[in-house]
Amino acid sequence: MALPSGSNKSSTSHQSSSMTKSCFKPSSIAIGNVAVPACEGLSWCCHGLAAYTVIRVAAIMLAAAQATFCYAWWAKKFTTSKPPLPPGPPGLPILGNFPFIQPDFHRYVVKFSQIYGPIIKLQLGSKICIVISSPSVAKKVLKDHDAIFANREAPAGAIVGISLDACYTLRRREVRQMVKYIYGKVCSAVKIGEQMFLTSLNVMLSMLWGGSLNGEERSRFGIEFRKRLVEFVELVGAPNVSDVFPVLTPFDLQGIQSKAKKNLSWLYEIFESVIVHRTKVEQADGEGKKKEESKDFLQHLLELNQRGDDKTSLSMNEAKALLLVAVLACGGLSWSSNDNAEHTIIREAATLLAAALAIACYAWWVQKFTKSVPPLPPGPPGLPILGNLPLLQPDLHRYISKLSQIHGPIIKLQLGSKICIVVSSASVAKEVLKDHDAIFANRDPPTVAIIGTYGGCDMAWRSNGPEWRKLRRLVVREIMSNTSLDNCYALRRREVREMVKDIYGKVGSPVNIGDQMFLTNLNVIVSMLWGGSLNGEERSRLGIEFRQVVVEFVELLGAPNISDLFPFLTRFDLQGYQSRTKKALKWMDEILESVIAHRRKVDQPDIGEGKNKEQSKDFLQLLLELNQQGDYKSSLSMNEVKALLLDMIVAGTDTTSTTVEWAMTELLRHPDKQRRAVEELDRVVGAGNIVEESHLPQLVYLDAAIKETFRFHPPIPLLVPRSPSTTCTVAGYTIPKDSRVLFNAWAIQRDPEFWEYPLRFEPERFLKDAEKGNYLGNNFHFIPFGSGRRICVGIPLAEKMVTHVLATLLHSFEWKLPEGTKPDIQEKFGIVLKKMEPLVAIPAARLSSSEQYQ
Ligand code: HEM
């Protein structure tokens, strides 16, 4: 056993809508009830306290390091209520909607606007793109928030410097040029688009720098100019992975940047020659002092370039860029020819990327968008990376009980990378342990459990499967069956008598009940396992050492190990838990090895003892035979033999001795109940006899007192964690595969809805209603041994050991507390819930003859 360780659709207006697809750069603003983020451009866009303290300190230090980064996020997430981002189609992780974009972008977004409303969000890689498709929202952006969305003000302002009226003559001249040209082509075919472009270009060029093209030059230069411009516009408009993932910019994967640069340098060369020519002419003619109204655009730009004023002056590159923008604005260049080769390349590249991601994303995608997947259970908010880890409190069972009162009977805690689910009600426990028994039949072994069980060779931490079944069947048949238990009653009796003798020797002196119980239970189990037990001096010395190692081992199993929460840290063993476990295992392994070596020696045919009779075989004998068996199905490796022996010792000693210690504490706190138990013993056993196992079924009140102890002080308060083999739904919440599932038996067994006066120690409750005391797995209000297929395998032995020992203690001795002390019930949380202060009591003999103590 051991341990836990609707958008308001403008449904009608989309055909007639004004779809904004230009490069406004807002800061951050709310439009209607949705938040529009600032974007760069909307173009295309369990247990030892000391150990616990160490991990808390480590966690707090880590948290402090993160705090600066987390603060803004935290404050945003939990302190301000911000409107959400606009709705939009779901996308893939990382790529967002990028791979799904279609060439007819304007039609493509209309479809989504019909679904999601007049303002939608597209996630294009790391870029958020907001598309507006209704006049009313367009008005809000372009009018009401004009200033915020007006990041293109500078070029527009510069163009305003030209008086349209002033250059009417230029426009008129170009239109006349066009008429003249077409007149020359009367009766021949004329390319209308080309002519319109050349005319617009000439109008623009003459407005820009007074120049225009004529005759042959007009056609030749104009056609090349158009080709370059169109290509440049298409390149700018093509979806570029570098825009979407800026980290890829240096690689220019599609060659878009280099092509654009080529076109741009051709255009810049033209601008450069025009500028040089203008500067020369000005110097020669003194034309520099043109009248304001006759200044062309280039003139304005050059003047701004020569200004010393920081605010309004322009660099030469900025001047050229503005010329380019002005040129682009002419000629009626459109996005209509977007479906070109580059577009195809990018779409193919994106599709390939998407395909690679698709496999990984498939489950996530299907879950998120095709089925309506229930959410994870609720829980307290945590910090990024560490989750709830730094907020955990040492009394974990009480802390999570409080959380359950806030968040409900099933909660989620994020502990580093591990999702931890805590069940705190009988009904949800039933759903998990009964309805989904097969799914939740796996464990989630902590690192130290794997180390401490020879690499996970034992039964308690093994995953559900044939190997686990083989070991479990073996234990059930060979140790826990009625026949096997009856067969070794003499061994148990001998150990209980040894205990009585031991305590009799301490009459009148304080006795540490927990230590005493541990020694007795260890001896009972060990003698059942390999017939050996400890006596006299050796009993005390080895027993105490054994207890230290077992307690250490159990503590390590329950301690929150950072390696379990961040598996990549396992190799560093930051808290030293792994090396402590190895040390504890080494100590126990030496004992097991010597016991096995001894058994092998005496088993040799020449040495008489080897001829063991079949019926006197102990468990070790049987395990060694299975180890030598060739049959793959039932044979056991030596590590499995040793791991199984350790399971029995670790799972069977600390739990049973802690139970007896709690029961004695409660009976000492409630003298009336102690009296009632003793009276029953006197009645059933009699003062002249000693307690035998045959008496146990008649000790009804004592049995009720033990049950009440299990209820009030469950030895394993959170049971042994389970882990679902597949993601499933419990109580309407998703429980992810491989998460760690804890059951707060401590809270369930104190539920006031089911237990009257749950905080009182009342054995009588089980006398009134015997069914309430059924802990064999079907009553989910009372689960000290768990439930389902992984319920405690040692129940029959635990019942016998606890009852026999407790009955003997009460029948053979009268107990009182040392002067001035009071029995307290303060708990120390761990995988096994111990008493904070060990119980120390003074025995007095109460049997009629001293012989009854021998
Ligand atoms: C007061 C005594 C005991 C208590 C309260 C107790 C409690 C538990 C609990 C809560 C579990 C986990 C059950 C689950 O996952 O549903 C468990 C498992 C187990 N217990 Fe016990 N136990 C006790 C005594 C013993 C004894 C005496 C032995 C054997 C000598 C034993 C051996 C085991 C083993 C091997 C498992 C793992 C079973 C598996 O995973 O298949 N236990 N115990």
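Start at 1 and go down the list; that is how both ligands and their atoms are numbered. The analysis underlying the following values was restricted to heavy atoms, covering all of them including side chains, and did not include hydrogens, waters or symmetry mates. In this text, all values refer to a predicted model and were calculated from it rather than measured experimentally.
Under a 4.0 Å heavy-atom criterion, Ser787 is in contact with ligand 1. Heavy-atom distances between Trp461 and ligand 1 stay at or above 4.0 Å for every pair. Using a 4.0 angstrom heavy-atom cutoff, Phe710 counts as in contact with ligand 1.
Closest heavy-atom approach to atom 16 (O) of ligand 1 within the set Arg472, Arg443, Arg722, Met480: this belongs to Arg722. For the residues Gly794, Ala441, Pro715, the heavy atom positioned nearest atom 28 (C) of ligand 1 is part of Gly794. Taking each of Leu529, Asn464, Asp654, Thr655 in turn, the one with a heavy atom nearest to atom 24 (C) of ligand 1 proves to be Thr655. Relative to atom 4 (C) of ligand 1, the option among Trp468, Trp662, Tyr775, Phe785 with the closest non-hydrogen atom is Phe785.
Side chains of Asn744 and Ser401: a donor-acceptor N/O pair is present below 3.5 angstrom, by distance only. With no hydrogens or angles considered, a side-chain donor-acceptor pair links Asp564 and Thr447 at under 3.5 Å.
A donor-acceptor distance shorter than 3.5 angstrom exists from the side chain of Arg711 to the backbone of Pro758, with no hydrogens or angles considered. For Trp815 (side chain) and Leu809 (main-chain N/O), a donor-acceptor pair under 3.5 Å exists by modelled atom type.
Phe782 and Trp755 have perpendicular rings, their planes meeting at more than 60° on a 0 to 90° scale where under 30° would count as parallel. Ring pair Tyr775/Phe710 is perpendicular by interplanar angle, where above 60° counts as perpendicular and below 30° as parallel.
Considering backbone and side-chain atoms alike, Thr659 places every N or O at 3.5 Å or more from each N or O of ligand 1.
Of the heavy atoms in Arg789, none comes closer than 4.0 Å to ligand 1.
A distance of 9.5 Å separates CD of Glu640 from CG of Asp458, quoted to the nearest 0.5 Å.
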